[in-house]
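Have a look at the structure below before the remarks.
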Amino acid sequence: MKLVTYEVKERELTIHGSPQARIGWVSDGWIVDIGFAQKWATLHRELPVTRGMPTEMLPFLETGREGMKTLIRLAGEMEGEDLSTLQVEGEPVALREPEVNLLPPLPTPRSFRDFYAFEQHVKTARANRGLEMVQEWYEIPVFYFSNPHAIIGPGAAVEKPRNTRELDYELEVAFVIGEKGRDIPAEKALEHIAGFCILNDWSARDLQRQEMKVGLGPAKGKDFATSIGPWLVTLDELEDRRQGNHFDLTMVARINGHELSRGNVRDLTYTVAQMVERASQNCTLWPGDLIGSGTVGTGCILELGTEIQAWLEPGDEVELEIEHLGVLRNRIIAPREKV
């Protein structure tokens, strides 16, 4: 399934008198609201009365496997229905995609870890800075923590930081934890993943370069914005592209319609399973934790060089596409006036 967080464009959708974003799934150009669909199916399909499904992504993920089973059954009950006619409590059960704004599928993750797991990117980016590969990179998958409160979704504007001249994009795949676990072995890791999405780890390279000379970071070079979306795709939709713990999914980045980056999720040196194993060592992963792969080879300006593509400026549109995961677009805008 393709799970989304959305808001209605043309009118306020109110629940108990308050407008709010809600969650749903994508079905042939429709966004089916999970909460309204459950109420409709309970009334019209004689489903057993159960506790209402959460209408926000994090609480839904916290329902774990049982919540996903309920959702799959619910989607099955809706199959074959004319979605344009279904209403409950005076609200439509489903809306056409153009009627909604898609928000980040997980607007505020519990935490955000970003790995450094594609060898081609690491090797090329280091070589461009005159650095050799370090042996430790081949011994352990490494990651840094970034800002879970700076997550933006598809179509959202990215404000260029005032103090950078070197704004960059990063083409990554990400996954969200759906089942709590600690010291998770790689062979069990995929059981703990709720789904995959596209991630753009926006980077201010000059800020990053300065702070990392101190031996910590990245921090201010990264924490101003991270895009995810457009959907959270559950693993069952990717099973035909799975090769053991690798996934054969083409990755592409374009700036202003011009293709610059191309790679594949299967090129990960450290698999998604190995990342989960590493992240959970001596540490509990919780539903709603967001984990990025790091940049695919060719997946950023730092790696390509400014002779290929200049640093990003206001007006530039960056489009990331991963096979089966959709397209994630964002436009750069000028910084706000300093208050």
Side-chain angles (χ1 to χ4, degrees), residues 3-5 21 57-58 61 101-118 121 125 142-164 166-177 193-208 211-212 217-233 251 253 255 261 265 272 275 279 285-286 288-296 299-303 311-312 316-322 325-333 335:
L3 305 178
V4 298
T5 296
M57 190 64 75
L58 182 56
L61 293 173
N101 290 319
L102 293 183
L103 304 174
L106 180 61
T108 307
R110 285 185 181 275
S111 67
F112 173 31
R113 296 168 174 86
D114 204 5
F115 276 82
Y116 200 34
F118 285 98
H121 166 70
V142 295
F143 65 88
Y144 70 93
F145 282 96
S146 194
N147 186 356
H149 301 287
I151 302 296
I152 62 174
V158 176
E159 185 178 321
K160 181 182 178 183
R162 288 186 300 273
N163 51 342
T164 184
E166 300 180 10
L167 181 60
D168 202 353
Y169 70 95
E170 294 198 32
L171 171 58
E172 305 189 21
V173 67
F175 53 95
V176 173
I177 298 299
I193 294 176
F196 283 34
C197 63
I198 304 169
L199 186 146
N200 193 334
D201 180 31
W202 303 95
S203 301
R205 297 301 189 185
D206 41 1
L207 307 186
Q208 178 185 359
E211 64 192 356
M212 292 190 72
K220 298 311 295 181
K222 298 276 192 176
D223 73 350
F224 55 92
T226 301
S227 304
I228 63 171
W231 317 298
L232 182 65
V233 180
M251 307 172 70
I255 296 181
S261 308
V265 176
V272 166
M275 290 185 242
L285 298 184
W286 293 86
D289 284 344
L290 174 67
I291 300 178
S293 64
T295 309
V296 70
C300 63
I301 299 170
L302 176 68
E303 189 177 341
W311 301 113
L312 299 172
D316 287 332
E317 182 178 75
V318 179
E319 178 180 276
L320 306 187
E321 181 173 3
I322 301 182
L325 302 187
V327 178
L328 177 62
R329 296 183 185 89
N330 298 97
R331 186 175 294 275
I332 310 302
I333 62 171

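Numbers here are sequence positions counted from 1. Bear in mind that the values here come from a model prediction, so they are computed numbers and not experimental data. The basis for the numbers below is simple: all heavy atoms, side chains too, and nothing from hydrogens, waters or symmetry mates.
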Item checked: Donor-acceptor under 3.5 Å (E321 side chain, L328 main chain) -> no
Next item on the list: Heavy atoms only: give me the nearest K160-P335 pair and the separation to one decimal.
Entry: O-CB, 3.1 Å
Notebook entry, point to check: Of all residues at least two apart in sequence or in a different chain, which pass the ring-ring contact (aromatic ring centres under 6.0 Å, His included) check with F118?
Noted result: none
Note to self: Counting neighbours of CH2 on W286 that are heavy atoms of other residues, nucleotides or ligands and sit closer than 6.0 Å, is the number greater than 12?
What the structure shows: no
Notebook entry, point to check: Is R331 paired with D316 through a side-chain N to carboxylate O contact shorter than 4.0 Å?
Noted result: no
Note to self: Test side-chain contact (heavy atoms from CB on, under 4.5 Å) on T295 and D201; report intermediate values, then the result.
What the structure shows: CA-CA 8 Å; T295 309; D201 180 31; 5.7 Å; no
Notebook entry, point to check: For I255 and E317, what are the C-alpha separation, side-chain angles and deciding distance, and is it a side-chain contact (heavy atoms from CB on, under 4.5 Å)?
Noted result: CA-CA 6 Å; I255 296 181; E317 182 178 75; over 6 Å; no
Check: Is there a donor-acceptor contact under 3.5 Å linking the side chains of T226 and W202?
Finding: no
Checklist line | From CD1 (I228) to CG (L325), nearest 0.5 Å | finding: 12.0 Å
Item checked: Candidate pair Y169 and S227, rule side-chain hydrogen bond (donor to acceptor under 3.5 Å, both in side chains), full reasoning -> CA-CA 10 Å; Y169 70 95; S227 304; over 6 Å; no
Check: Less than 4.5 Å apart, any side-chain heavy atom of L285 and any of R113?
Finding: yes
Next item on the list: Flag the pair F196 / L232 as yes when at least one side-chain heavy-atom distance between them is below 4.5 Å, and no otherwise.
Entry: no
Check: Side chains of W231 and L3: closer than 4.5 Å at any heavy-atom pair?
Finding: no
Check: Would a 4.5 Å heavy-atom cut-off, applied to side chains only, mark I198 and P230 as touching?
Finding: yes
Check: Nearest 0.5 Å, what's the CD1-CZ distance between I193 and F175?
Finding: 5.0 Å
Check: Closest approach of P154 and P104, non-hydrogen atoms and distance?
Finding: CD-N, 4.4 Å
Margin query: Before you tell me yes or no, could you show the steps for H121 and C300 under side-chain contact (heavy atoms from CB on, under 4.5 Å), namely the whole-Å CA-CA distance, both residues' side-chain angles and the distance that decides it to 0.1 Å?
Written below: CA-CA 9 Å; H121 166 70; C300 63; 3.5 Å; yes
Checklist line | Listed once per pair and sorted, the salt bridge (charged side-chain N to carboxylate O under 4.0 Å, His left out) pairs that draw on residues 145-157, sequence neighbours left out | finding: none
Item checked: Distance (rounded to the nearest 0.5 Å) between F115 CZ and Y144 OH -> 12.0 Å
Item checked: Flag side-chain contact, heavy atom, 4.5 Å: L171 against N200 -> no
Check: Passes side-chain contact (heavy atoms from CB on, under 4.5 Å), L290 versus L199? Steps please.
Finding: CA-CA 10 Å; L290 174 67; L199 186 146; 4.3 Å; yes
Note to self: Is it the case that the side chain of D168 and the backbone of S203 share a donor-acceptor pair, with hydrogens and angles ignored and the cut-off at 3.5 Å?
What the structure shows: no
Check: Is the backbone N or O of E172 less than 3.5 Å from a side-chain atom of D114, with the two atoms forming a donor-acceptor pair by type?
Finding: no
Note to self: Could you check whether any side-chain heavy atom of P218 comes within less than 4.5 Å of a side-chain heavy atom of E211, counting everything from C-beta outward?
What the structure shows: yes
Item checked: Pairing of R205 and E170 as salt bridge, 4.0 angstrom limit -> yes
Notebook entry, point to check: Counting distance only, does the side-chain N/O of T5 pair as donor-acceptor with the main-chain N or O of P105 below 3.5 Å?
Noted result: yes
Margin query: Just to verify, which of L106, L103, V176 counts as forming a side-chain contact (heavy atoms from CB on, under 4.5 Å) with M57?
Written below: L106
Check: Under 3.5 Å, is there a donor-acceptor pair linking the side chains of D223 and S146?
Finding: no
Notebook entry, point to check: For the residue pair P161 and L167, what are the closest heavy atoms and their distance?
Noted result: CD-CD1, 4.3 Å
Next item on the list: Write down the atom of I291, the atom of A279, and the distance for their closest heavy-atom approach.
Entry: CD1-CB, 4.3 Å
Notebook entry, point to check: Are the side chains of M275 and S293 in touch, meaning some heavy atoms are under 4.5 Å apart?
Noted result: yes
Checklist line | T108 side chain reached by H149 side chain, heavy atoms, under 4.5 Å | finding: yes
